[in-house]
Every structure is written in C-alpha cells, then in structure tokens.
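One structure is given here, and the rest of the page talks about it.
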Protein chains: 6
Amino acid sequence: MLTRALLLPAVVRALAEDLEGGDITTEATVELEAEATANASARSEVVVCGGDVFRAVFAEVDPKLEIATLAADGAVVRPGDVLWTVRGNARSILMGERTALNFVQRMTGIATLARKYVSALPPNVTTRITDTRKTTPGLRMLERYAVRTGGAHNHRDTLGSAVLIKDNHIVAAGGIGRAVARARMRAPHTSRVEVEVESLSQLDEALAAGADIVMLDNFTPSNIDAAVARAKGRALVEVSGGITLERVAALAKAGVDVISVGALTHSAPAADIGLDIVPSDTPAP
Amino acid sequence: MLTRALLLPAVVRALAEDLEGGDITTEATVELEAEATANASARSEVVVCGGDVFRAVFAEVDPKLEIATLAADGAVVRPGDVLWTVRGNARSILMGERTALNFVQRMTGIATLARKYVSALPPNVTTRITDTRKTTPGLRMLERYAVRTGGAHNHRDTLGSAVLIKDNHIVAAGGIGRAVARARMRAPHTSRVEVEVESLSQLDEALAAGADIVMLDNFTPSNIDAAVARAKGRALVEVSGGITLERVAALAKAGVDVISVGALTHSAPAADIGLDIVPSDTPAP
Amino acid sequence: MLTRALLLPAVVRALAEDLEGGDITTEATVELEAEATANASARSEVVVCGGDVFRAVFAEVDPKLEIATLAADGAVVRPGDVLWTVRGNARSILMGERTALNFVQRMTGIATLARKYVSALPPNVTTRITDTRKTTPGLRMLERYAVRTGGAHNHRDTLGSAVLIKDNHIVAAGGIGRAVARARMRAPHTSRVEVEVESLSQLDEALAAGADIVMLDNFTPSNIDAAVARAKGRALVEVSGGITLERVAALAKAGVDVISVGALTHSAPAADIGLDIVPSDTPAP
Amino acid sequence: MLTRALLLPAVVRALAEDLEGGDITTEATVELEAEATANASARSEVVVCGGDVFRAVFAEVDPKLEIATLAADGAVVRPGDVLWTVRGNARSILMGERTALNFVQRMTGIATLARKYVSALPPNVTTRITDTRKTTPGLRMLERYAVRTGGAHNHRDTLGSAVLIKDNHIVAAGGIGRAVARARMRAPHTSRVEVEVESLSQLDEALAAGADIVMLDNFTPSNIDAAVARAKGRALVEVSGGITLERVAALAKAGVDVISVGALTHSAPAADIGLDIVPSDTPAP
Amino acid sequence: MLTRALLLPAVVRALAEDLEGGDITTEATVELEAEATANASARSEVVVCGGDVFRAVFAEVDPKLEIATLAADGAVVRPGDVLWTVRGNARSILMGERTALNFVQRMTGIATLARKYVSALPPNVTTRITDTRKTTPGLRMLERYAVRTGGAHNHRDTLGSAVLIKDNHIVAAGGIGRAVARARMRAPHTSRVEVEVESLSQLDEALAAGADIVMLDNFTPSNIDAAVARAKGRALVEVSGGITLERVAALAKAGVDVISVGALTHSAPAADIGLDIVPSDTPAP
Amino acid sequence: MLTRALLLPAVVRALAEDLEGGDITTEATVELEAEATANASARSEVVVCGGDVFRAVFAEVDPKLEIATLAADGAVVRPGDVLWTVRGNARSILMGERTALNFVQRMTGIATLARKYVSALPPNVTTRITDTRKTTPGLRMLERYAVRTGGAHNHRDTLGSAVLIKDNHIVAAGGIGRAVARARMRAPHTSRVEVEVESLSQLDEALAAGADIVMLDNFTPSNIDAAVARAKGRALVEVSGGITLERVAALAKAGVDVISVGALTHSAPAADIGLDIVPSDTPAP
C-alpha cells in the first residue's frame, strides 16, 4: 500500500517533464470531447506492480478518467493480459499514457526480477532475498514497494534506520570491536548492528563484538560454509555483491539468511507494457 | 553541460531519501573532524557520465569537499581507472557516497549503452541512434544528457516540442491526410511533423500529406528498403521498436535516417562504479 | 486544454501570496456559514481565457464551491456579459476573488490582444501570428495557452525544442554555414533549424546552408519582398521585432509566413473583469 | 533590498521553463570553453529595476559568471546606457539571457510606470501613489519592490495584513458601523481599518464608525472635494479605480492622501532592455 | 477557517517524515482490507483546535476515510470527550495517527494556553492578549489560528505588514522622531506605527512623534500607570516580555490595551489527545 | 552534524513566513549600507543547540554575513554567555533575527530538557533516555538532533525503520505470537521487533514470541521489577508514557533499559536566547 500523498510529487514532476508545453499532436488531431477506452496490457509474462501509480498519473491529468484494475499488484500475468483499463476523455488518456507507462514498466520490471530471485530459492529455506540502497534517485519508495511486490524483502531504508559498518568505518573506529560498541551506543535501540567482514578472522571479531548481522564480502563457498557454522545462533548471515540468479540456490542451501541484490533496483529491465485504445466497436474486457 | 540549478532538486530529493535520519553508522564510528580522500573508479570499461551531478551531490552534503575530475564526461575508461576524487571531511564523503554513485552509475550505464549502439553503426553512414520519451520519471534531463554523452542523439523532448502522429491520432483525425494537415496548423512552425505508419500504403499517404518524418512500425526488411526508396528526398525515415544491437548495422545500410531505442534509457544496466577511501599512506592519483 | 496538475503549483503559490495570514476583513464581517453567488463579468469586449484556472483557484480555496462556465475560452464577449459564476460559502468566494481575477485578467488580456493581431491579417493569407519566449516568469504554460486561445500560434516552447541561430551563434560558430550544419547535427531530427539574418546576403547564406526557417531582422519593406521571393519554396520566412498592429497587413501581403510578436505576452494590458456578489433577491443568469 | 533566498524559487522555476531540455542552438554552435562579455542596455529611457534578480538568474545558470552593476535600481537611464555587464562562459550567458531579461524588463517596466505617476504629482503635496493587490501571480514580492523602486508606495501586502471593507462586507455585516466595529475587534492592533464608500452619506457613516481610511469609489470631483473636507483630520482619503496619469494632479490638489493604481502592476508594458555580446575587440564599458 | 490548499504542504511534509519507508508494523499485522473506527479524545480539559488539519492528514493518507467532528474548534471539552472520529481502512487510520495527533496536540495546546490568558483578564476590560512572531518555523499560519481559536488576538503577521520600531532601529535612525517619520513615509498607509520604549521620556518622544502604538519594555507598575495616563487618547499601549498569567489582571486593570505573550506559541505544552480504535462490538459515539 | 542541503527547505520556508513582504521597519530606519555586529546570548543556563541552523538562516538572508561560533552544540552555557556572533550588513542581521532565534530557541530548549533527563539518571547505569515520534511536524530532523545534542538517544525515526507492535496491532493480528511472527517476516532484517505490553502475562507472550524489545505500559513499580527480571537476557525493556523527571532515577535503578519521553520534543519550553546589536564603541567578544 502506497500513501497517495507521498506518490504525488513524483507523479507531478514526471507529468511536468512531458506536458508543460501541452501535447501538440493530440490537441491537433483529437477532438476536445472525444471519448475512448484504453487497455494497458502485458507483452510478456510479468509480476504486475504499480496500479496505484498508474491510477494517480491519470487522475492528475484528468480526475474524471475512470480506471479499472484487472490484475492486482503481485499477480503473475501472461502476454496479452489486460492489467488496467482507462476510460474517459481521449485526449487525457493519450496525454497521460507515456508517463503512466514509464512508472509501471519500471515497477513491474523490478517486481518481475525480484520474483525470479525468490523463485530461485530452494523449497523450505528461510533465506530471504533483499534489495539494497542502490535505488533510482527520487523513486526509492516506489522501488522498495516493487521489491516487496515481487516477494523479496527490503534492506534498511535509509542511513538513519539501521547500522551497517563497512571497512572504512572499521578503520576509522580503530577495529571491529570499537566500531560495534560505538554504533550500539549511538544507534536507536530499535536498530540492529550489521558488520561487513572480509575474512573469517574478521567474522570472529564481529561475532565477539556482538554484531547482530554479518555481511560476508567475497567469501569462497567453503568460507561461506564456515561462516554460517560459526555464526549460527549468534548472528544473521548476509551475502551481498555480484549475486546472480544461478548462485541463489547454493547460497540458500549453505544456510545464508539474507542475499542482498543491488541489481533488483539498479538494473532491472523495464517490463513491456503497452496501452492500446480499444476500437469503438470492441467491448472492453 | 547541465544547468546546475536545474539539477539540484533531484539531488536534494535523493539525499533526503537517504539522510534525513542522519547516518548513524558514520556518526558513531568516524570522528567529527576526520579527513579522507576517496576515489571513484570504474570496475569495467565504460563511457563516463555524470561528473556535474557527482560534484553537486557532494557539494550539497558539504560545500567544503573538493572534487577533482580525472575523466571527462564522454571519456572511455578501463577497469580501475579513477573518474573523480573527493577530498575533505570523512563523514561527509561517506554520507554522500551512495547517492552520488546511484546517479553516476545510471548515467554512465546509459552513456555506455548508447555508445554501443552508435559503435554498431557501419562507417560512413548518416544514420543516427536516438532515445525516446521512455525515461525514468524525474530524471529525463539527466538521461537525455547521458544519451548525448554516449554519442547518440535525442528524440523530441516533450509532447509539446514536436509532432508525432500515431495510429490513435490517425483514427481520431479521420485519416493521415487530415491528421498531418491539422498538426501542421497547430504545431509551432519550428517543429517537424512525424507520422508512424504500418504499411507502404500508409507511407504513401504520409508522404503525400507532406510528413517531414515517417516512422516505420514493424516493417519487414524488404519493406524497409521499399520505404526508404519511396521516402528518399521527401522525408526522413525512422525505425523504432524492439531494436537490438544486432539489427543496427543492417538498418543503417538500408538507408534509415533514425533508429530510436527505448532501451537506452529504460533498460540500461547500471555501470559498476565504486568509491574507495584511499588509505592514508597512499598518495591519491 | 490545460493539465490541472500542472496548473496547481502556480495557483497555490498565488493563494499563498495573498492568504497565508488569513483574510481578516472577511473573517470579521462575513458569517462563517453565509452563502453567496458571484458573477465574474467582462467590463469591456474581450476574448475569454482562463476558465480552468478560475475554477482551480476557487477549488483550492474551498472544494465545495460550484463554478459554472457561461462563456468558453475563446469566446468573444461584450461588456457586462457573465463569464463564470461561483456559488457557495461567501467567505470562500471573497478569499479567492483577487487571485482568480489576477490570473484571468492576464490570460484574457493576452487572448484579446492576440485576437487583435490575428484579425489584422487580411483574408486568405496563410501568415501566422506567433508569440515568443518573452513570457512572464513562472506562467509560460498559461500564457502560451492564452495566445492559442486568441487564435495566434506558439513559437518554440523552450531552448531545447528547436533551433534558432542568432548573430552571436553565427559569430561563435564561424559563419552561417557552419552554424546550420552543426545545429542540424545536434538538434533532434524532429526540430527545424531557424536562422536570424540581417541582410540579403546573409539570407542567401542561410538558404544555401539549408535553413528551414529564416527570420528577417530589421529589413526594409523592399528587402522583405526580395527575401520572400528568394526564400519561396526553400524556407519559411519569419519577421520579428517591433511589430505593431498597423504593420501586420502589409507583412502578410508581402508573403511573410510568420510574424512573431513579443508584446503578446510581455505587454498585453490586463483585461477588465470584475466579480460581483449577486444580491440575494436577484436570480443568477 | 530583496532577500536572495526568497527570490530563488521564482528564478529556478523560470529557468526550468526554458532550459530543462538544454539549449540545443547554443550547445551546437558555441564552444564549451568560449568566453564572452555581454552588456544589458536600455533601448529607451527607463527607471532601472531588478539588478538582484538579474544577478541571481545568471548565478543559478553558472556561479562563475561575473556580474557588474553600472546602474543601480532606481536610476534613470537613457537609451543605450549599459545597466549590467556579464562576463564568463559564453554558453552560460546565452542560456540565461532570456530568463534574466524577462524578469528585468517587467520590473523595470513597472518602476518606470510608477515613476511616471509619481512625477505627475504636483510639487509640495503629500499625496502618495500606491499599487494594489492586482499583481502577477507568483511575482508579488518582485512587483511590489519595483513599485517602490519607482518612488511609489505599496498598499497592504496581503489579506491578512490590514482591513479593507468593501460593499460586500458591508452588506454581510449589516452596515458600515457594525463592519468597522467587528473588523476592529478581529484585526491585529497594528492594522488600520479602511472602508470603501460610494456616497457622501456612506462616508459619514464610515467616519462616524472610526474608519482610519476611506476609499472613495466613483466620486465626482466635487464630491471628492466634499469628502476630503469632511475626512480632514479624521481619516486618510484614498481614491482608486480607473486612475489615469492625467487625473493625478487634480486628485492630489484636491487633497487626496492616497491614489492607488492597479495598472502599475497589471498593465505596465515591458521595458525594452537588450543583451548584446561585446565583440571581442571592443572594451566593455 | 484555514485555506485547505495552504495547509497541505505542511501536512504532506509531516507525512513524508513518518511514512516514506512505509509502516512495517501495520503492514505486517493488519489485513489489507480491515476496517476500523477510531476516536480521538482529550485526556484533560482543553480548548479544541485543529479539526481541519486532522481531517487533512487522514485525507492525504486515504481519501476514503470518513472523519466526523464531535467538538468544534474553540469548544472546551472535558477528559474523555471525543473530538473527532475516523472510520475506514484500519491500516490507513494507524498510518496517519501519529502525524494527525502531532498537529492537533500542538494546536490544541496553544488554544488552551491562549484561553487561560484570556480568562485571566478581569471582566469589562478591552485589553487584548496577543501572540508574537515567536512561532514554530513552518507552522505560523496554524499557530496564529490556534491563538485566535483560544480567544486571543494576533499581532502583526510578518515584517512587511506593520511597523514595530525597536531600540536598534531608533539608534540607526538617529532618534525616535526620525525613526517614526521615516517609517510613516515607508510603510503602507494601511499599517500602524508602533514604537518600543524603555522610559517615560522615550514614551513622550514616541507620542510626540505620532506613534500609533507604544510598547513598554520593562516598566515598573507605577511607570505603567504613568504611561497609560500619558498615552490615553493618543496611542495604544502594549506590554510585552516575560508576561505570566499572574500579571495579566493587574496589567489589564492598569488600562493597558495589549498584552503580547511569546509563550503562547513558543512554549505551550502539547495537549494530551489520544486516538483509540473502538473495539468492534462497541458503537461509536 | 546536520546535512546543510536538508536543512534549507525548513529555513527558506521560515524566512518566507516572515519576509516576503519585506521588513518595512528596517528598510525605513536603517541605512542600506550600515554595518553592525550582533551577539546571540543565553538569558539562562542552557545546553546550546542549533549552530548550523543559525548560520544557515543568516546565510540565506545574506551570504556575506559572517557568523562566529563561540559555544559549540552541546556546550552548557551560563546566562549572558555569547553563543554566536553575526557581523555584516545591519539590515540583513535585523531581517534574519527572529527566524534564526525561533529555530535555536526551540532546539536549545529541547537539548536542555534532554540533558535534564539524562542528568537525572543515577551514575553507572546503562539506561538510556530517548525521544519518541511526537515531534513538531516538519522539524523532525532538527528535533532528533537536538535530543542527541542533549545527550539523550533517538527512538526509531520513522514507521518504516523498525517495528513497534501496539495493542491495536495485536488485536488485528490475533495475538502477540502471530503479530511478532508476521512482523519479523515483513520487517527488514536490520530492524528489531518491539512489543508494547500491558501485563506480565502479555510480557511472557512477547518474550516467548521472541520480541527484541518490550515496552511496559502503565506497570506498577513492583511489576516493573518483575518484568525486568523476566526479560533479563532475553529482551530490552522500555518504559514510556507520562515520564517525569522525578521518576527517572527509580526506573533506571529498577534496571529498565530505555525510558522514552514524548515531552522532550512536544513540550520543551523554548530556551531564552536574545540577539543584541553591539554598540559601535564596544568590541565584540
């Protein structure tokens, strides 16, 4: 569920990018009072995401447009399936089309990729796939929602919501032990403390310091096994960096708790979704 | 060249997404007065893009940071090459890191993909590769700049800057001839009129109506040849939709003037660029 | 048709200029629950413009106000004619009055002046009257709409939508030929290339370079005739700068294609439109 | 003196209207590193206004541009006089030119018109010329400043800063006496109470009710004389509505305290100010 | 009456502070379709304020929520009294709860404190209690409204709406007489001129200069009596600075016209208002 | 450390509230070029907070003003101590004074109250004092910083950063066990899960469900002792609601880990800080 008021600034900015000079093609060729119905449909199999944004874009162009949702966020649809229908003033539909599609193609692309990662997990594991903070500037809220819609989880939202100690922090603080202790003192008591480690000895330090989560950086498979064994019952184990779909199953079987995947948000290809005006003698679905 | 004042809203929004709650890790582990130098370097071969934005992000975090540019926008760099260097307060560097990288990874990813498309053109053709309006909501200005940085061209910026008549407009206007005539009347005299056509007969109609540009939709190679022959000297020929790198050379050889590629902006994978604090006993490049 | 979401920032800013401290007169003298009807009427003959903005202002003050449109945008009305009616809470009407009028007086003033210029064209010419980029900061979208409402045309919207090469550009590029060639390479293929020329020899250069449009700067009538003759069939001819109503007919008869008039937006006098509460024993029109 | 931080939103909005798609002409024809000097000069005699805004526009395009002020706000200059000089990157100058001129032409136009009205006052009177709330939406702060720069005065800034009781308020409150009493109770004690009257008998009512200011609506010259006589020592007398330059002297001689002129802001023609690149072999003034 | 469009920016900012990362607790534990009713009730005796803001917060979270007002702004309620009821989606109610309460607790706190000051006035005096410009940054409009809701008055809204000459101004202008004269010349004729004085001799200067209001700074009770006597019929007398509830009656009896109290807005404790979900078998009030 | 770019919107909004109509008193009485130095000093003993904001306000009024910091954030100062000095244009100083003070009086007031709570903790306890989400709308970032400056801690920043299950959530989820399990599934793995409990039996449920933190609601002292004993080693114990300074020591001695105090932000009285122009013959400190 996306809070509508928090969506609107992104929607209005996107419309302004496209429409402040009007739509000279549509104004020239479509009558002011013409009515139409248009279907937004998938061109390939995708996990649908972005209904609230689709609706908000068209409502900001013309509050009188009627939007029907035929596929809920999270649904898997097949090529040709209609996701949403827009009815009303034909000019308004054409003027909002590109902006609406730009949003939902991105969100659906992310949800679809997230689902692929989640589906790559073997059955009966508790490992979770998460996003990272590598989101598109200005769209973090929407992209994190798309990740959840695909069945994956979110990592920490912001630099203020949880602690993640990396090598630079360790150096600056003078060692893992001091870094964890200081972070524990400073962080809200509602936040966990995570430490990125580059070796088993750093792992031991982090566990001894009481880290709640350890993130393994470039560990070999055998070292991952060793790390999971040592951390068991003491801290969650996260693996991050260069995670491909192919590696997911093995990581999960190794007992890793969290696999974080930057590509979910920074490199998901746009889903192919089109908007077609329904010929006037064709009933809408 | 990006106008700094027009960049800033996107930069400030992105920082707010990450930093409004502070950076609890950095505040806990790094001394308030600590100084550092960090290098942003490419992890693979890329076409650099986004120096102005990189600089703006860090300047908004802390105006005292010093940024040096080692690779200009448009330069091709190899893995390990340093693109930009940041010196100053260590906390400020760590707090701006993710936001700065999120921008430049996207922009560099687009420039790199654009360059690939341009490089796929055979020598001695005048065909141009262009983007489309399928840009990320809120980032159109930056993404269009990245496309140019990669050596490709921009298509029309907005719905108000040029005419592109599609099938829905043709139906609404009652034929290509009327659509073109009405668009010509309505559009600024500085704008060209482009018509999307689905067949050779529609092409003939568009040419007869005086279209300045025709966009061929799903034409077979032989029909593209025929279209180019008929349009020669009368209108520019654009091909769009599902253009892969592999198709570019053949399209150019066929004499197409413009190849527009939505994927340049909607599906370019992020470039891999990292920021590393330089150990204090290592001189910066 | 103005996209409502894109209007709202200007409307809210204007209301904030007037109302953030409340309306102490109205709050003191008008009962909280009082109802009223008010007519916005023209005090002189004008071309109506701004109904969407009028409606938006009152809706932002109080969404329960009912607005009726009695004269559509573009209609010519006579002194005393009612353009719009507002009914509802009396305080809300009085609080929105000045802001609404400030918008529509300006827009109607521009539409009315544009109509005068268009009416000065002789019958059976294709010459068009256009605006320029000399618009009021922050109101370009509204003013360009008003120009169209008056029957005139828009020039290019922004510096990014079409090419207009002026003397400074010519000097910088090293001549008209190089300037046109470089602009053609850089500009979107959907944009035309226009060149401002100061003499017949420059005109010849521009035509030879393939300019799509030539703008004549300070040409004498006989030179305008010569220019039109030379450009015929090769480029559109635009005249700009110091155009008075009296000169329009002659310029059109000389065969000029475009007459651009900065005064349409930068010096149109406000139309005289007033808002009057209807005495309670008087039926609204 | 204009607070820079409060200017900026209007400046950035105006730049965004023009430049979000870049400046394709300038980028194509002017070298990235080219330097230039440009003079902004008056084409006719004007009262200069807007130096701070001129400076802010160019600073937002490129903070490295250097602006010199040759004529202070309020100065009277002759045709050809240089008001401000800009030096630095040639592209930056060309990209900011139109936006900067749009602001200062409007502001200088208003200051010049205000000065004309002030100059129409006979010597040795205390009558003041004021603006009204009929300002351009979004530019009230700048326009009120321009009015003062021309030597005229401001009326109340907002609906919350002072009381002005009009006929609708009188009807709503049930008479002038009650309206004034209620307004006095509600208004800040720092605000005066003004009443618009349509007859001498209403004037008497207003004076009896203790109005601080009376505004005469459509009074004949002889009634104005009578009104001034009755109000003398009891209230200030303001005249408003349809004030032409020609009427100013007579009104002042009649003893009117305030003449408010909506045209100062809603209908002042733009001043003619141009920006010219100085040929490189010409020294700047 | 608060203009809704002017409220919204503050409401949206506040929601963004709390909700941009979603509400992970509510999303996890409350079903998407669950419905609920919640009562906002006072925990102590207060003067209610903020109904419009309460309504706006929930409408921005979810426009389908229904809000009922059981106690109007300005009403005095007892502990346990329900002020407003919200019905609809349970998630939406929980997500807006804290933001809505943060607003109304502050506004009600201010109204309640203002009422205490007003109630401390003896019967049959015309002395008014006012706020100052010591308001919370970003919330001035709401806090001034709360002051009025509590029965007190507003002082000048902004630095532009009326004149208040303090010691620094007097020094800068070279004496009270010159300061008043210059302020009278510069200020809108709708504004009064107030002077802060530190002694009876300064008071005499201010009165002689024609000040409309004098503000007594740190006067002893006997000097206040003297000041009131001298100012009677010539200027309003205001007392400001360190006003406690206990001093109000004496100041009023001394004949002071205005008592301004910064604490009304800068130090009013938040009112205790809670929001409780009504158990499903309990009818709402 | 506050990120300057994220401060600015609040600063600019606050200046706009005060200064959009100019400062008519200062403009009338202070010469345009006058220079001054002013000291901001404490009127009582306080914990200083807000130097960055103080600096930002004056920089936004006039970037040429020089600000010196004499007391760092977090310092305890005595009445009369100077915290910051401003030098430069006298008008600029007077125009920014109120806005700057409104910020720092609030921030210093919060830091001072936080310090009182922290000082009430007995020596050698690990109990922390925290804020809540009961912050002033629009100022959460600043107020959380002020809490830390006073030596207290922050609670979770937003609804998206950690889980806090309250009674409504428990009812909705069907029991504590299910609520915790579902929240654990949904929440980022970097977030802890906190449960508010109303009885020892609920406490047992929460501990059994694996809550990381339990918040005791209205527990008697003996029940608090019992709760601490049961939770020891299993979960952190937080106490919230109606915490007075007097209760702090006993709660800490009872072994409570966290005491959260809404009053820190919603009811801290403003600190008394004044700004005084230094007479020109007095050296600044």
Side-chain angles (χ1 to χ4, degrees), chain C residues 10-11 13-14 17-31 34 36 90 94-95 98-99 101-103 105-106 109 133-141 158-165 168-173 179 182-183 185-188 191 262-263 266-267 269-270 277, chain D residues 10-11 13-14 17-31 34 36 90 94-95 98-99 101-103 105-106 109 133-141 158-165 168-173 179 182-183 185-188 191 262-263 266-267 269-270 277:
Chain C
V11 166
R13 277 196 303 274
E17 287 182 331
D18 218 24
L19 272 172
E20 283 208 300
D23 176 348
I24 54 181
T25 310
T26 297
E27 290 169 18
T29 58
V30 180
E31 295 298 328
L94 291 167
M95 290 166 80
R98 184 74 264 139
T99 301
L101 291 178
N102 282 351
F103 275 107
Q105 287 182 314
R106 170 170 302 271
R133 286 172 36 252
K134 297 180 180 178
T135 53
T136 304
L139 301 180
R140 182 170 287 181
M141 184 176 74
T158 69
L159 289 170
S161 64
V163 172
L164 176 43
I165 297 169
N168 290 322
H169 301 110
I170 294 169
V171 171
R182 288 169 66 166
M185 275 305 299
R186 163 70 180 80
S191 304
H266 72 53
S267 296
I277 299 277
Chain D
V11 166
R13 277 196 303 274
E17 287 182 331
D18 218 24
L19 272 173
E20 283 209 299
D23 177 347
I24 55 181
T25 310
T26 297
E27 291 169 19
T29 59
V30 180
E31 295 300 327
L94 291 166
M95 290 166 80
R98 184 73 265 138
T99 301
L101 292 179
N102 283 351
F103 275 108
Q105 288 182 314
R106 170 171 300 272
R133 284 170 39 250
K134 297 180 180 177
T135 54
T136 305
L139 302 179
R140 181 169 289 180
M141 184 176 74
T158 69
L159 290 169
S161 64
V163 172
L164 175 44
I165 298 169
N168 290 321
H169 300 110
I170 294 169
V171 171
R182 289 168 66 166
M185 274 305 298
R186 162 70 180 83
S191 304
H266 71 55
S267 296
I277 299 279

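For clarity, every value in this text was computed on a predicted model and none was experimentally measured. Order of the sequence lines sets the chain letters (A, B, ...), proteins ahead of strands, with each chain counted from 1.
- For chain C, the nearby parts of D:Arg182 are the backbone and the side chain; heavy atoms of each come within less than 4.5 Å.
- C:Arg186 contributes no side-chain N or O that, together with a main-chain N or O of D:Ile24, makes up a donor-acceptor pair within less than 3.5 Å.
- Ranked by heavy-atom pairs under 4.5 Å with chain D, the list C:Gly21, C:Ala270, C:Ala162 is led by C:Ala270.
- In this structure the side chain of C:Leu94 reaches within 4.5 angstrom of the side chain of D:His169, judged on heavy atoms.
- Ranked by heavy-atom pairs under 4.5 Å with chain D, the first of C:Ala173, C:Pro137, C:Pro269, C:Ala14 is C:Pro137.
- Contact count versus chain D (heavy atoms, under 4.5 Å) is highest, among C:Gly138, C:Ala90, C:Pro188, C:Gly109, for C:Gly138.
- Of the possible polar contacts, one joining the C:Glu17 side chain to the D:Leu139 backbone as a donor-acceptor pair under 3.5 Å is found.
- Of the residues considered (C:His266, C:Met141, C:Lys134), C:Lys134 shows the highest number of contacts with chain D, using heavy-atom pairs under 4.5 Å.
- For D:Asn168, the part lying near chain C is the side chain, with the backbone staying farther off; criterion is any non-hydrogen pair under 4.5 Å.
- Between D:Ala179 and C:Thr29 the shortest heavy-atom distance is O-CG2, 3.8 Å.
- Contact annotation for C:Ser191: only side-chain heavy atoms (C-beta onward) come within less than 4.5 Å of a heavy atom of chain D.
- Counting heavy-atom pairs closer than 4.5 Å to chain D, the top residue among C:Thr99, C:Thr136, C:Ile170 is C:Thr136.
- In this structure, the side chain of C:Thr25 engages the main chain of D:Leu164 through a donor-acceptor pair within 3.5 Å.
- For the pair D:Asp18 (side chain) and C:Thr158 (backbone), a donor-acceptor distance under 3.5 Å is absent.
- Using a 4.5 Å cut-off between heavy atoms, C:Ala263 does not touch chain D at all.
- In this structure, the side chain to side chain donor-acceptor pair (under 3.5 Å) partners of C:Gln105, at least two apart in sequence or on a different chain, are C:Arg98.
- Contact annotation for C:Ala34: neither backbone nor side-chain heavy atoms come within less than 4.5 Å of a heavy atom of chain D.
- Going from atom OG of D:Ser267 over to atom CZ of C:Arg106 covers 8.0 Å, rounded to the nearest 0.5 Å.
- For D:Asp23, the side chain to side chain donor-acceptor pair (under 3.5 Å) criterion is met by D:Thr26, not counting sequence neighbours.
- Contacts of D:Arg140 with chain C are made by both backbone and side-chain atoms, with heavy-atom separations under 4.5 Å.
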